[in-house]
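Being a predicted model, the structure only gives us computed values, none of them experimental.
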Amino acid sequence: MAAVLTTSPASRAPSRWAHWRYILSDNPLTLASGILFLFFVLLAVVGPWVAPFDPLASNVGAPMTPPSWRHWFGTDSLGRDILSRVIVATRLDFGIAPSAVLLSFVIGGLLGACAGYYGGRLDRAVSRLADMVMAFPLFVLAMGIVAAMGNTVANIVLATAVINLPFYIRVARAEVNVRREAGFVEAARLAGNSDARILLWHLVPNVMPPMMVQLSLNMGWAILNAAGLSFIGLGVRPPEAEWGIMVAEGAQYIVSGEWWVALFPGAVLMLAVFCFNLLGDGLRDLIDPRRRT
């Protein structure tokens with residue numbers, strides 16, 4: 001660990017890229033999930049410009065048209081092109097999930113790391129905060145927060161971040177608590193490093209691998225959480241294009257045979273969650289200092 005920290009950034013760059021190439025070539029699933037993730041990100045960025053039709057415009061085709069060469073995913077009950085709506089919804093869902101997860105990752109990670117390092121009253125207070133959030137069914141808690149504050153995108157992000165906090169608090173607290181008396185930490189103290197520097201520069205990089213796995217899993221769950229809130233009417237409001245809304249709108253037509261209305265948004269949602277689940281192990285290996293030796 002000390003050798004990694006004492007080398008210059010210029011000398012670390014080639015070895016870091018070599019390490020990344022090794023991990024990606026060693027694990028094809030990580031490479032495939034990374035490519036799929038980049039595809040979703042690209043779709044979120046350029047989606048509104050590459051969508052073949054206006055996602056909010058009705059009667060661009062006959063209502064309830066099955067998939068065809070003109071409408072690859074078919075049309076819904078208002079004649080809107082489902083493919084265009086799925087593409088444009090990527091930006092909204094990929095905006096909600098990363099924002100919420102990164103917020104809980106930073107706040108929960110810092111709270112847990114400080115609790116694990118300092119212990120005492122701070123540890124007890126942070127642990128009780130995590131226990132209090134975990135005492136509620138998390139999706140029900142998210143429903144309550146959104147219902148109380150209003151179903152705006154900002155409140156959906158806040159609710160999703162709150163229910164994810166305990167995961168990062170507990171992981172960071174446990175990992176820092178195990179390592180705070182380790183040899184490299186004692187060496188850093190003897191070298192005159194402050195507690196803040198030890199925590200941020202020596203301990204946090206070593207707890208990042210399990211944190212990144214947790215982040216990847218929570219990213220998929222955050223997308224499901226946003227879609228679930230929209231499905232029950234507490235998320236993004238119609239006629240906004242969002243995967244959960246589209247699945248809810250199409251669910252009523254499955255029995256009557258219009259399967260495509262719910263199938264394609266649901267399939268893309270499943271693919272996004274699957275992508276994040278596969279990314280977890282790869283992210284752990286990419287940033288784990290022990291894998292760079």
Side-chain angles (χ1 to χ4, degrees), residues 33-103 142 146 150-160 219-254 258-276 279:
S33 59
I35 293 173
L36 184 59
F37 173 73
L38 291 177
F39 170 74
F40 275 117
V41 171
L42 180 64
L43 205 61
V45 173
V46 303
W49 292 279
V50 301
F53 298 95
D54 184 347
L56 301 180
S58 58
N59 296 321
V60 297
M64 291 303 185
T65 301
S68 62
W69 285 110
R70 177 173 171 81
H71 303 286
W72 289 5
F73 287 3
T75 61
D76 61 11
S77 59
L78 298 178
R80 297 174 297 191
D81 182 64
I82 295 177
L83 174 61
S84 301
R85 290 178 61 78
V86 167
I87 291 174
V88 173
T90 306
R91 173 178 290 188
L92 182 59
D93 283 287
F94 266 66
I96 292 174
S99 300
V101 171
L102 287 176
L103 184 62
V146 174
N151 54 339
T152 64
V153 173
N155 291 337
I156 295 171
V157 170
L158 177 62
T160 307
M219 196 78 76
W221 189 51
I223 291 179
L224 282 178
N225 182 73
L229 289 173
S230 298
F231 186 88
I232 63 176
L234 286 175
V236 181
R237 299 177 182 179
E240 192 70 46
E242 198 274 332
W243 293 334
I245 292 176
M246 298 174 68
V247 173
E249 291 174 346
Q252 57 185 316
Y253 300 109
I254 293 178
E258 289 82 8
W259 49 267
W260 60 89
V261 184
L263 174 65
F264 291 112
V268 175
L269 177 63
M270 180 195 69
L271 193 62
V273 175
F274 182 66
C275 167
F276 283 118
L279 274 176

F73 and F264 aromatic ring geometry - parallel, tilted or perpendicular at 30°/60° bounds
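Answer is parallel, since the angle falls under 30°.
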Would you check if [X] and [Y] make a side-chain contact, meaning some heavy-atom pair closer than 4.5 Å?
X: I96; Y: V236; value: yes
X: L78; Y: N59; value: no
X: P52; Y: L83; value: yes

Expected output: side-chain [X] to main-chain [Y] donor-acceptor under 3.5 Å:
X: W243; Y: A227; answer: no
X: W260; Y: I82; answer: no
X: W72; Y: P67; answer: no
X: D81; Y: T75; answer: no
X: R80; Y: R85; answer: no
X: T90; Y: L43; answer: no
X: S230; Y: G244; answer: no

Stepwise, does the side-chain contact (heavy atoms from CB on, under 4.5 Å) test hold for L229 with N151?
CA-CA 9 Å; L229 289 173; N151 54 339; over 6 Å; no
Distance (rounded to the nearest 0.5 Å) between [X] [atom1] and [Y] [atom2]:
X: S33; Y: L271; atom1: OG; atom2: CG; answer: 11.0 Å
X: F274; Y: L36; atom1: CZ; atom2: CG; answer: 9.0 Å
X: M219; Y: T160; atom1: CE; atom2: OG1; answer: 12.0 Å
X: E240; Y: L92; atom1: CD; atom2: CG; answer: 6.0 Å

Heavy-atom pair with the smallest gap, counting every atom of [X] and [Y]:
X: A44; Y: P48; result: O-CD, 4.4 Å
X: R237; Y: I245; result: C-CD1, 3.9 Å
X: G150; Y: N155; result: O-ND2, 2.7 Å
X: P55; Y: V88; result: CG-CG2, 3.7 Å
X: V157; Y: A100; result: O-CB, 3.4 Å
X: I254; Y: A262; result: CD1-CB, 4.1 Å

My understanding is that only one of F40, W221, F37 makes a ring pair (Phe, Tyr, Trp, His ring centres under 6.0 Å) with F276; could you say which?
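Only match with F276 under ring pair (Phe, Tyr, Trp, His ring centres under 6.0 Å): F37.
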Step-by-step side-chain contact (heavy atoms from CB on, under 4.5 Å) determination, V60 to D54:
CA-CA 8 Å; V60 297; D54 184 347; 5.7 Å; no
Dump the intermediate steps for side-chain contact (heavy atoms from CB on, under 4.5 Å) on S77 and E249, then the final yes or no.
CA-CA 9 Å; S77 59; E249 291 174 346; over 6 Å; no
Give the intermediate values and the outcome of side-chain contact (heavy atoms from CB on, under 4.5 Å) for residues V261 and M64.
CA-CA 8 Å; V261 184; M64 291 303 185; 3.8 Å; yes
